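What you are looking at is a predicted structure, and each value in this text was computed from that prediction instead of being measured. Numbering starts at 1 and runs along the sequence shown.
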Amino acid sequence: MSLIKLENVSKYYKSGEGVSVGMKNISLEFHNNEFIVVTGESGSGKSTLLNVISGIDTYEDGEMYILGEETSHFTAKDWENYRSKYVGFIFQNYNIIDSYTVYENVILALEIQNYPKKLRKKRALELIEKVGLLSHKNHKAAKLSGGQKQRVAIARALAKDTPIIIADEPTGNLDSESSDQIIKLLKEVSSDRLVVLVTHDPLIAKSTGTRLIKLHDGEVIEDKVLVKKEETEVKEIDTAKTSYFTLMRFALRNILSMPKRLIFFTLLQITIITVFILTYISMMQTAENINFSFSMGGNDSSLFDFNTQFMSDQRMYVTRKDGKDLTATDYAYFDSLNGDHYVYKNILNIDENKNLILQNESNYVLYDIMIDTTFAVGNRVQFVEGNMPVNPYDILVSEGMDLKIGDKVKVNQRVADIYSSYLVRNGDYWSIPGVNIGSNQVLNYYVYTNYGVEFIDYNIIYPFDPLHYGMNPDDINNVEVLYMDAEFAPMELIVTGIFKDNYRQAIYINHNTYENLDYGNSFMIQTTSKIELQRIYNQIDRSIYRIISPKLEDSALSSLVAPLIFLFRLFFYIIVLVIGVFLYFILYSVTKNIMHARKKDFAIFRTIGATQKQLGWVVIFEQFFMMNMAFIASVILTQIISIYNFNINTMIRTLTYIDYIILFITFTYLSTRLAQKFNKKTFKLSIIENITESKEEMS
């Protein structure tokens, strides 16, 4: 049985001027272990014949048989399967991958046919040695001479171990010495397979070929057997499916083989991804800050009667639901929660009074400000001008507060010690344990007994004598402990630093000033960011503890509008996605010429036996790998920028793991779409059209 059989096969080409004949009514048979030389003038149909029998171009009329099977019904996938199993190519212009090394060009063919992984390297080196290029195995193909490139093409064709070798004028661009070497190699190959060689040199047929076929105007004018050889049987070809891991390695080799393109493309993606990340954060913050206010009974108070509009979004308070005091066990529980936080004992609230009168040497300034601790600033000291507070009366202040380093300011309350504390009886007097206050110090405070709140007075002398202020002696004798909120007399604070917090309007009290020895009935939990606060909040057992955090705790009313808030966030994400598509359209516009120039490479891959599906995945993996590198670089870049820019620092700190996953999925989708767009444009052309178009663009 013949290996290939043509019966009245014709091929026509359409052009703007009409239809031209590539070959007409060709009837030929090709057998195993033949060395067939095809000659003829330019335009006689030699290359057309090779393209048809190799399956890289179609035919219009007649029938071609492969091992007795008709091919007129073959689909694109069938032809891919045929090329992969049966055909190895050697082209006049080499058609090797210039950006690959000699070794990579050869092992490529072994990978595509899924040659056993453990044997690939050995097989590739054997073939490279056979063509005399072992010393050049790590040289880029672009730096080889013409003869060396052709030998690489032969080694690659042999690597496929196919029964058919197609050689289209392989010696056309070589000197006589190189030509002799190439023909000698092909002669050796033909001992156990079919070699079909096109040439203009008739001497090759006489000296080497076993059969001569001459073409003229697309027709056979001579078919002559030069050496009679007994036909051997074609071995069964069985190629395994190429794994996705192999395709990933294939893609990684592609992008690393062209470092300049990789650097340019990655830098472009880093720019686009960085802009996208910052846009995403800004949009999501806008969505996050959409609030719905409700007024009930004219009462403007917030949750738990706190002035929450001046409460830090990095802080919350916890008490026990059963009303009992907190203990060391409770403290250990909160301290062990996963997150960057600190637990302050026996502090109920430092936000009761929003108005603070700060007095420097020349004037009083009324501020509506937040009060925070320096723990929240601890890992952002790069934005502090001056020094962090060290002493109990040192403070940081926000930029833009008309205060400078070294100012001694008076504040109308000792904010550092505003806590809900208990009084211990000592004879007729009551004092705050653990707080060192001089005798006869003037204080302003309320006292909470077990019977409710009793307003005492302002300007009370400390230590406190309840009898002096008219409290019922029987009540006092029956109460072991009284609670109070103390408003201390004006005190002097020293500004040691300015915190460049984008005009947050806050003062930052020394972290250690809040320390308290006793546990009391409430803890304040301070974190370094809102994200850390959310993380701690989610871990707390709310069946035991009550959380006072209006920034996080949803009221019944706000839960009603949760679906509406979700829709707003979804709307903003759609805007971000549209912006991302626009940015990637810019990326596509800039890089499409680079991708367009690779059409020839992908045509070569297909001649070696790679399928459109495999190459489609290779392009997707290429884009995915480059996107990953750009994404990681962008994340690192934004983190570095955030070290020097407070606004970026604030934005980056709002990102959660979920946000990074969303961003990653978004970029994966966009890079995949970019790859699919390239695939659609590349694979709509046949192999021969891609190669021809590439030649025309290069000429």
Side-chain angles (χ1 to χ4, degrees), residues 80 83-84 95-115 117 120-121 124 138 140-142 156 159-160 239-270 272-273 584 587-588 590-634 664-683 687 690 694:
E80 286 176 344
R83 289 193 301 270
S84 177
N95 279 351
I96 57 177
I97 309 299
D98 287 336
S99 59
Y100 280 16
T101 63
V102 170
Y103 173 78
E104 289 171 340
N105 267 284
V106 176
I107 205 167
L108 171 66
L110 297 171
E111 289 177 338
I112 288 176
Q113 70 173 0
N114 209 22
Y115 196 84
K117 185 177 178 181
R120 287 176 193 171
K121 183 175 181 179
N138 295 321
K140 290 280 188 180
R156 185 183 64 190
K160 288 191 65 178
T239 57
K241 184 179 179 181
T242 304
S243 67
Y244 284 107
F245 181 77
T246 297
L247 296 178
M248 288 182 187
R249 187 167 59 247
F250 188 180
L252 194 60
R253 182 190 302 133
N254 278 348
I255 62 177
L256 294 178
S257 67
M258 293 178 280
K260 291 182 180 179
R261 183 180 73 91
L262 174 62
I263 292 171
F264 171 77
F265 205 83
T266 303
L267 288 176
L268 189 60
Q269 289 210 68
I270 288 173
I272 288 175
I273 292 175
Y584 259 76
L587 178 66
Y588 173 75
V590 173
T591 59
K592 66 179 180 180
N593 290 331
I594 297 175
M595 301 297 282
H596 186 72
R598 299 186 61 209
K599 288 194 300 182
K600 180 185 175 183
D601 286 353
F602 281 89
I604 294 171
F605 296 147
R606 291 168 71 185
T607 64
I608 298 172
T611 66
Q612 290 187 25
K613 183 179 179 181
Q614 290 170 340
L615 292 176
W617 276 109
V618 168
V619 176
I620 289 173
F621 287 140
E622 285 179 11
Q623 293 297 317
F624 180 77
F625 288 145
M626 287 190 286
M627 182 278 294
N628 265 274
M629 288 187 284
F631 181 74
I632 293 171
S634 296
F664 181 79
I665 292 174
T666 300
F667 296 134
T668 300
Y669 169 75
L670 292 174
S671 61
T672 301
R673 289 292 299 161
L674 188 65
Q676 289 174 336
K677 194 174 182 70
F678 169 71
N679 290 339
K680 184 177 180 181
K681 189 171 183 179
T682 299
F683 298 135
I687 296 175
N690 264 325
S694 299

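Between the Ser84 side chain and the Glu80 main chain, no donor and acceptor come within less than 3.5 Å of each other. The backbone N or O of Gly609 sits nowhere less than 3.5 Å from a side-chain atom of Gln113 that would complete a donor-acceptor pair.
Close placement of the Phe602 and Phe605 rings is indicated, their centers lying within 6.0 Å of each other.
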Checking side-chain contact (heavy atoms from CB on, under 4.5 Å) for the pair Phe624/Thr672: CA distance, chi angles, key distance, verdict?
CA-CA 7 Å; Phe624 180 77; Thr672 301; 5.9 Å; no
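For the side chain to side chain donor-acceptor pair (under 3.5 Å) test, no residue two or more places apart in sequence or in another chain qualifies with Tyr115. Every residue meeting the side chain to side chain donor-acceptor pair (under 3.5 Å) condition with Arg120, not counting sequence neighbours, appears here in chain and number order: Asn114. Taking Ser671 as the reference, nothing meets the side chain to side chain donor-acceptor pair (under 3.5 Å) condition, with sequence neighbours excluded. Every residue two or more places apart in sequence or in another chain that forms a side chain to side chain donor-acceptor pair (under 3.5 Å) with Thr666 is listed here: Tyr573. By the salt bridge (charged side-chain N to carboxylate O under 4.0 Å, His left out) test, Arg673 pairs with no residue at all, sequence neighbours left out.
For the salt bridge (Lys or Arg N to Asp or Glu O under 4.0 Å) condition, the pairs that include at least one residue of residues 618-628, sequence neighbours left out, are Arg598-Glu622.
For Lys677, the NZ atom sits in a loose shell: 12 or fewer heavy atoms of surrounding residues, nucleotides or ligands are nearer than 6.0 Å.
Salt bridge present: Glu111 and Arg249 bring a charged side-chain N and a carboxylate O closer than 4.0 Å.
Ile97 places none of its side-chain heavy atoms less than 4.5 Å from the side chain of Glu104.
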